[in-house]
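Accompanying notes for the structure given below.
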There are 2 protein chains.
Amino acid sequence: MRPRESNRQGRHLASFALLLCAEEPTHGLALHRSINKLLPEGLKVDVGNLYRLLREMEARGTLRSEWSTVGSGAARRVYQITPVGLDELADWREDIARRRQAFDLFIQRYDALPARNARALKESAK
Amino acid sequence: MRPRESNRQGRHLASFALLLCAEEPTHGLALHRSINKLLPEGLKVDVGNLYRLLREMEARGTLRSEWSTVGSGAARRVYQITPVGLDELADWREDIARRRQAFDLFIQRYDALPARNARALKESAK
DNA sequence: GGAAATATATGTAAATCACATATACATGGC
DNA sequence: GCCATGTATATGTGATTTACATATATTTCC
C-alpha cells in the first residue's frame, strides 16, 4: 500500500474550501482550481465531490451562497464563509497543526534510520 | 464537517507501520500502542484494521512475520520490514513531506487572514 | 480453576471515494 | 442562426474504507 497515485480528496478538503472562502468569496470551479493548485500530486480533488461538499457545507451553515452573473460566462454560485464557518475553520487549524506535528515526527524518525537501510536513505536524498 | 472526533486511521497508517517496523521489529499490539501514542487525538487507529493491514502488507511483501514466544505472554506475530517495504517507506517519506507542505501553506494562510475574521484569530491564539 | 489481560483476528453497516454522466448557458467562428 | 467548445453546476453509482462490534486462543495472577 504505497501512496496512492489516483485522486484522493482527503478529509481536509473541507478545511481548504473554508480557508479559501474566508480569504475571498468564490464559486465552485474556481475553488476547485485553487485547491488543486495548492494540493500535492496525489491529493487532487474530484470536482463532483467538491460540489457535493459545498452544498452540504451550506446546509450545515458554514458557507452561504448566492448566484452571481457579474462578468462574463455562465452564472456561478458564489460561496462565502459564515461565522459558524469561521469557528470550524479555527478547529481545522488546530487539527492540521497536530497532523503536521505527526508528519514532522515521521520525517525526523525516517531520516534517523540507520544507514544500513540503504534503499530508504538513497531515496530520501532526492 | 469539522475535524472528526471519532477514530480515523488515515491512509498514512501504513507509513507509520512501516516506519516503526523499520526501526525495530514488533508485533501487532505493540505497534498499535506505538502508533496511537504518536498520532494526534483525532487520528487514533483501530486495532482490528491494523491487524488486517499487517496481513495485507505481508501479502504484498512489504513486511514479513514470524511467531515469537520469547518473553512472557501469548505468542506474538513479529513483523519486520523487507527490502520492498524499505522502498515503499521511502515513497511514503516523499508523500508525507508533500502533504506537510500543503499543511504549512494552510497554516500560513490561515494566520494571514485579516483581523476582521475575529473568531478565527481568537481561536488560533490558543 | 476462574477472572482479567494479552494477542490476533473477522464481520459488517455506513460512509467515503473515484469516476462517469447529465444539464444548462455562453462564446466565438462561420 | 447554428454548432462546437468551454464554463459551471450538479447527480449516479460501484468499489473501497472506516468505525465499531464480536470471536478465539493463550497466559497470568490470585
Side-chain angles (χ1 to χ4, degrees), chain A residues 1-17 20-21 25-36 39 41-60 63-80, chain B residues 1-17 20-21 25-36 39 41-60 63-80:
Chain A
M1 188 184 290
R2 56 179 57 198
R4 291 204 180 194
E5 280 115 46
S6 57
N7 288 352
R8 203 115 211 317
Q9 67 183 50
R11 65 187 152 300
H12 32 273
L13 170 54
S15 60
F16 282 96
L20 295 179
C21 289
T26 7
H27 66 283
L29 257 202
L31 207 48
H32 184 243
R33 280 191 290 266
S34 307
I35 292 179
N36 279 351
L39 288 177
E41 197 39 48
L43 293 173
K44 303 303 186 188
V45 165
D46 173 69
V47 72
N49 290 334
L50 174 59
Y51 280 114
R52 242 185 299 248
L53 176 67
L54 288 173
R55 317 206 95 214
E56 183 200 320
M57 291 173 86
E58 184 162 25
R60 283 177 42 61
L63 292 178
R64 64 196 162 81
S65 74
E66 50 190 23
W67 287 100
S68 160
T69 51
V70 305
S72 63
R76 300 136 210 205
R77 191 186 278 280
V78 171
Y79 287 91
Q80 64 178 298
Chain B
M1 189 185 288
R2 54 179 58 196
R4 293 202 180 195
E5 277 114 47
S6 58
N7 287 352
R8 203 110 211 318
Q9 67 184 49
R11 66 187 153 298
H12 33 273
L13 170 53
S15 61
F16 282 96
L20 295 179
C21 288
T26 8
H27 66 283
L29 256 202
L31 206 49
H32 184 242
R33 281 191 290 266
S34 307
I35 292 179
N36 278 351
L39 288 176
E41 199 39 49
L43 293 172
K44 303 301 188 189
V45 166
D46 173 67
V47 73
N49 290 334
L50 174 59
Y51 279 114
R52 241 186 299 250
L53 176 67
L54 289 173
R55 317 207 93 216
E56 184 200 320
M57 291 173 87
E58 184 162 24
R60 284 178 40 62
L63 293 177
R64 64 197 161 79
S65 74
E66 52 190 22
W67 286 100
S68 160
T69 51
V70 303
S72 62
R76 299 138 211 202
R77 191 186 279 277
V78 172
Y79 288 90
Q80 64 178 297

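If you're wondering where the values come from, they're calculated on a predicted model, not measured in any experiment. Any value given below was found using the heavy atoms of this structure, including those in side chains, with hydrogens, waters and symmetry copies removed. The chains referred to below are lettered A, B, ... by the order of the sequence lines, with proteins before strands, and numbering in each begins at 1.
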Item to check | Residue whose closest nucleotide on DNA chain C lies nearer the 5' end, A:Ala74 versus B:Trp67 | outcome: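 Closest to the 5' end, via its nearest nucleotide, is B:Trp67.
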Checklist entry - Where each residue is assigned the nucleotide of DNA chain D containing its nearest heavy atom, which of B:Gly48 and A:Ala75 is assigned the position nearer the 5′ end? => result A:Ala75
How many Å lie between [atom1] on [X] and [atom2] on [N], as a whole number?
X       : N      : atom1 : atom2 : answer
B:Leu50 : C:dT8  : CG    : P     : 9 Å
B:Glu58 : C:dA9  : CD    : C1'   : 14 Å
B:Leu13 : D:dT18 : CG    : P     : 8 Å
A:Glu56 : C:dC17 : CD    : C1'   : 14 Å
B:Leu31 : C:dA9  : CG    : C1'   : 15 Å
A:Leu54 : D:dT11 : CG    : P     : 12 Å
A:Leu53 : D:dT9  : CG    : C1'   : 14 Å
B:His32 : C:dA7  : NE2   : C1'   : 12 Å

Checklist entry - Looking across every strand, which nucleic acid part, if any, lies under 4.0 Å from B:Arg55 by heavy atom: base, sugar-phosphate, or nothing? => result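 Sugar-phosphate: the residue B:Arg55, judged by heavy atoms under 4.0 Å, touches backbone atoms but no base.
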Next on the checklist: What contact category does A:Gly28 fall into here, base, sugar-phosphate, or nothing, at under 4.0 angstrom with non-hydrogen atoms?
Outcome noted: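 Sugar-phosphate only.
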Checklist entry - side chain to side chain contact (heavy atoms under 4.5 Å, CB included) with A:Trp67: which of A:Arg77, A:His27, A:Arg76? => result A:Arg77
Does [X] place a side-chain N or O at less than 4.0 Å from the phosphate oxygens OP1/OP2 of [N]?
X       : N      : result
B:Arg76 : C:dA7  : yes
B:Arg33 : C:dT6  : no
A:Arg77 : D:dA10 : yes

As an exercise, state the distance from [atom1] of [X] to [atom2] of [Y], rounded to the nearest 0.5 Å.
X       : Y       : atom1 : atom2 : value
B:Leu53 : B:Arg60 : CG    : CZ    : 10.0 Å
B:Glu56 : B:Asn49 : CD    : CG    : 10.5 Å
B:Asp46 : B:Tyr51 : CG    : OH    : 11.0 Å

Item to check | Distance-only donor-acceptor test, A:Asp46 side-chain atoms vs C:dC17 base atoms, 3.5 Å | outcome: no
Next on the checklist: Using modelled atom types and a 3.5 Å cut-off, is there a donor and acceptor pairing between side-chain atoms of B:Asn36 and backbone atoms of B:Lys44?
Outcome noted: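 Checked: no pair found.
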[X], nearest nucleotide to its side chain (from [options]):
X       : options               : answer
A:His27 : D:dA8, C:dC19, D:dA19 : D:dA8
A:Tyr51 : C:dA7, C:dC19, D:dA10 : D:dA10
A:Val47 : C:dA7, D:dT9, D:dT18  : D:dT9

